[in-house]
Amino acid sequence: MADMTKFADLIRQFAELFDRLIPLEQEKLDIVKQNQVSALEDIIKREQAEIMTLRGLDQKRERLQKELGFPDMTFSEILERVSGDEKTELQKLFEELGSRVRQFRSITESSKTMMEVNLHAINKMVAQKTYGSANVRTYEGDGSMRPDTPHFTDRRI
């Protein structure tokens, strides 16, 4: 079936896209680990371009699945409806794509965690610079923090 060939080609395009996204995400993780904020901006711009490509491929996939009579179906559901060589080829492609997606998600999660840790450290430094000790907080009646003030029991007699 020619249409299934188009679908298989589209899945290959997804895999190729993830082959480009994975090293990009790994580079982002390395940059975050090294606290190179200026280099991070370039990576994010390149990543955004690839994400636009991903959106285009996904729209194409949705149209093609609808044309093939598989609207809103998962890859597993599609595999249940095809047979023979088509099923074998698609199953292999789906497994390859799934592997790449899992690898990408793993690296993305590591990047996210590293950025959250760095952000927490930055917030802590800002709090120390702004409010003094990071361990002691004094709050105003409206809930806002104010700089540390010595407690009356801290005074010498």
Side-chain angles (χ1 to χ4, degrees), residues 7-66 70-80 89-157:
F7 190 68
D9 289 342
L10 184 62
I11 301 305
R12 283 186 195 91
Q13 289 175 29
F14 271 106
E16 290 167 2
L17 175 65
F18 278 96
D19 284 342
R20 294 189 306 269
L21 278 169
I22 289 168
L24 196 58
E25 194 67 19
Q26 184 63 53
E27 187 178 349
K28 185 168 88 175
L29 176 60
D30 295 340
I31 285 171
V32 169
K33 284 179 182 177
Q34 298 167 9
N35 289 324
Q36 296 177 341
V37 177
S38 60
L40 186 60
E41 188 175 332
D42 177 56
I43 296 289
I44 290 172
K45 285 179 185 177
R46 293 187 309 181
E47 190 176 51
Q48 286 173 340
E50 296 292 3
I51 288 171
M52 294 301 289
T53 302
L54 178 63
R55 286 184 184 146
L57 286 175
D58 200 42
Q59 289 172 350
K60 195 174 182 181
R61 178 198 54 80
E62 287 175 352
R63 280 192 310 271
L64 191 53
Q65 276 188 227
K66 193 173 187 178
F70 305 133
D72 303 320
M73 287 188 181
T74 65
F75 290 159
S76 297
E77 292 169 333
I78 292 171
L79 281 176
E80 291 173 7
E89 180 183 9
L90 286 177
Q91 187 166 14
K92 181 182 173 207
L93 290 171
F94 292 159
E95 288 171 4
E96 289 174 7
L97 179 59
S99 173
R100 287 174 174 99
V101 169
R102 284 187 297 279
Q103 184 180 3
F104 176 77
R105 283 184 178 162
S106 174
I107 297 168
T108 300
E109 191 60 37
S110 295
S111 292
K112 179 182 172 193
T113 301
M114 186 65 67
M115 284 188 262
E116 288 172 351
V117 167
N118 288 348
L119 184 59
H120 177 72
I122 290 168
N123 285 335
K124 188 173 180 179
M125 286 188 295
V126 168
Q128 286 176 328
K129 296 276 186 205
T130 305
Y131 302 108
S133 171
N135 298 326
V136 179
R137 299 278 188 253
T138 305
Y139 295 90
E140 300 289 344
D142 65 358
S144 63
M145 275 192 284
R146 66 177 166 174
D148 291 340
T149 52
H151 192 273
F152 75 93
T153 60
D154 291 341
R155 297 187 184 130
R156 291 185 181 189
I157 302 178

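Throughout, numbering of the chain's residues begins at 1 and tracks the sequence. Only heavy atoms go into these numbers, but all of them, side chains included; no hydrogens, no water, no symmetry mates.
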Take Leu64 and Phe70, measure what side chain to side chain contact (heavy atoms under 4.5 Å, CB included) needs, and give me the verdict at the end.
CA-CA 8 Å; Leu64 191 53; Phe70 305 133; over 6 Å; no
Side chain proximity check, Ser106 to Arg102, heavy atoms < 4.5 angstrom
no
Taking ring pair (Phe, Tyr, Trp, His ring centres under 6.0 Å) as the test, write out the residues that go with Phe75, two or more places apart.
Phe94
Can you check side chain to side chain contact (heavy atoms under 4.5 Å, CB included) on Met114 and Ser110, steps first, answer last?
CA-CA 6 Å; Met114 186 65 67; Ser110 295; over 6 Å; no
Scan for side chain to side chain donor-acceptor pair (under 3.5 Å) pairs involving residues 36-48, sequence neighbours excluded, and state none if there are none.
Glu27-Arg46, Lys28-Glu47, Gln34-Gln36
Can you list everything that forms a salt bridge (Lys or Arg N to Asp or Glu O under 4.0 Å) with Arg20? Sequence neighbours excluded, please.
Glu50
Measure the spacing between CG of Leu29 and CE of Met115 and express it to the nearest 0.5 Å.
8.5 Å
Residues that Asp58 engages under salt bridge (Lys or Arg N to Asp or Glu O under 4.0 Å), provided they are two or more places apart
Arg61
Over all heavy atoms of both residues, which pair between Ile43 and Leu24 is shortest? Give the atoms and the distance, please.
CG2-O, 3.9 Å
First locate atom CD of Gln91, then atom CD of Glu95, and finally report the distance between them rounded to the nearest 0.5 Å.
5.0 Å
Residues passing the side-chain hydrogen bond (donor to acceptor under 3.5 Å, both in side chains) test with Gln13, sequence neighbours excluded, are none
From Glu109 CD over to Glu25 CD, what is the distance, rounded to the nearest 0.5 angstrom?
10.5 Å
If you look at every heavy atom in Leu93 and Ile11, which pair is closest and at what distance?
CB-CG2, 3.7 Å
In chain order, what residues pass the side-chain hydrogen bond (donor to acceptor under 3.5 Å, both in side chains) check against Glu89, with sequence neighbours excluded?
Arg12
